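One structure is given below, encoded as structure tokens.
Computed over heavy atoms, backbone and side chain alike; hydrogens, waters and symmetry mates excluded. These numbers come from a predicted model, not from an experiment.
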Amino acid sequence: MLFRFGFVSNAMSLWDASPAKTLTYARYTKLPVEERKEALLSVTKANIINTLRTIHYVIGHGIPLYRFSSSIVPLAAHPDVLWDFVTPF
């Protein structure tokens with residue numbers, strides 16, 4: 001039997017590298033309408049950059065297993081927030 005050890009989304013050895021920074025719906029609705037999309041884009045971009053940093057860490061340390069965070073794209077499945085998060089990235 002083969003066991004593979006890894007970790008779930010956060011590498012504690014990387015500084016400020018959480019791939020699951022969030023933008024709650026409550027905070028989203030309090031933002032001015034013209035700033036909402038920019039907030040979604042900036043949080044998603046930070047999460048993707050941190051995920052890539054973690055992937056480089058995983059490869060560099062020979063860790064064979066890594067589970068991505070399910071929160072990379074904030075409010076992606078929220079029915080009141082319809083936004084195209086694929087095209088910009």
Nearest heavy-atom contact between Ala39 and Ser42 is O-OG, 3.1 Å

side-chain contact (heavy atoms from CB on, under 4.5 Å) filter on Phe89, not counting sequence neighbours, yields Leu41, Thr44, Lys45, Ile48

(Q) Closer than 3.5 angstrom, by distance alone: can the side chain of Arg53 be matched with the main-chain N or O of Trp15 as a donor-acceptor pair? (A) yes

Rounding to 0.5 Å, atoms OG1 (Thr29) and CZ (Arg36) come to a distance of 6.5 Å

Checklist entry - Same hydrophobic cluster for Leu52 and Val86, using side-chain heavy-atom links shorter than 4.5 Å among ILVMFWY? => result yes

In short, Pro88 meets Asp84 closest at the heavy-atom pair CD-O, 3.3 Å

- Do Leu23 and Phe85 belong together in a cluster built from hydrophobic side chains that touch within less than 4.5 Å? yes

One should read off an interatomic distance between Tyr66 OH and Thr54 OG1, to the nearest 0.5 angstrom, of 4.5 Å

Let me see the working for Lys21 and Asp16 under salt bridge (Lys or Arg N to Asp or Glu O under 4.0 Å), right down to the final yes or no. CA-CA 10 Å; Lys21 294 183 189 315; Asp16 192 29; 3.1 Å; yes

- With side chains defined as the heavy atoms from C-beta onward, is the minimum distance between Thr22 and Arg27 less than 4.5 Å? no

Residue pairs passing the ring-ring contact (aromatic ring centres under 6.0 Å, His included) test with at least one member in residues 17-63, sequence neighbours excluded, are Tyr25-His78, Tyr57-His61

- prompt: Side-chain heavy atoms under 4.5 angstrom apart, residues restricted to Ile, Leu, Val, Met, Phe, Trp, Tyr: same cluster for Ile49 and Phe68?
  reply: no

Pairwise side-chain contact, Leu40 with Glu35, heavy-atom cut-off 4.5 Å (strictly under): no

CG of Leu75 to CG of Asp80, rounded to nearest 0.5 Å, is 10.0 Å

When rounded to the nearest 0.5 Å, the distance separating OG of Ser69 from CG of Asn50 is 10.5 Å

Next item on the list: Kindly indicate whether the side chain of Asn47, heavy atoms from C-beta on, has any atom under 4.5 Å from the side chain of Val73.
Entry: no

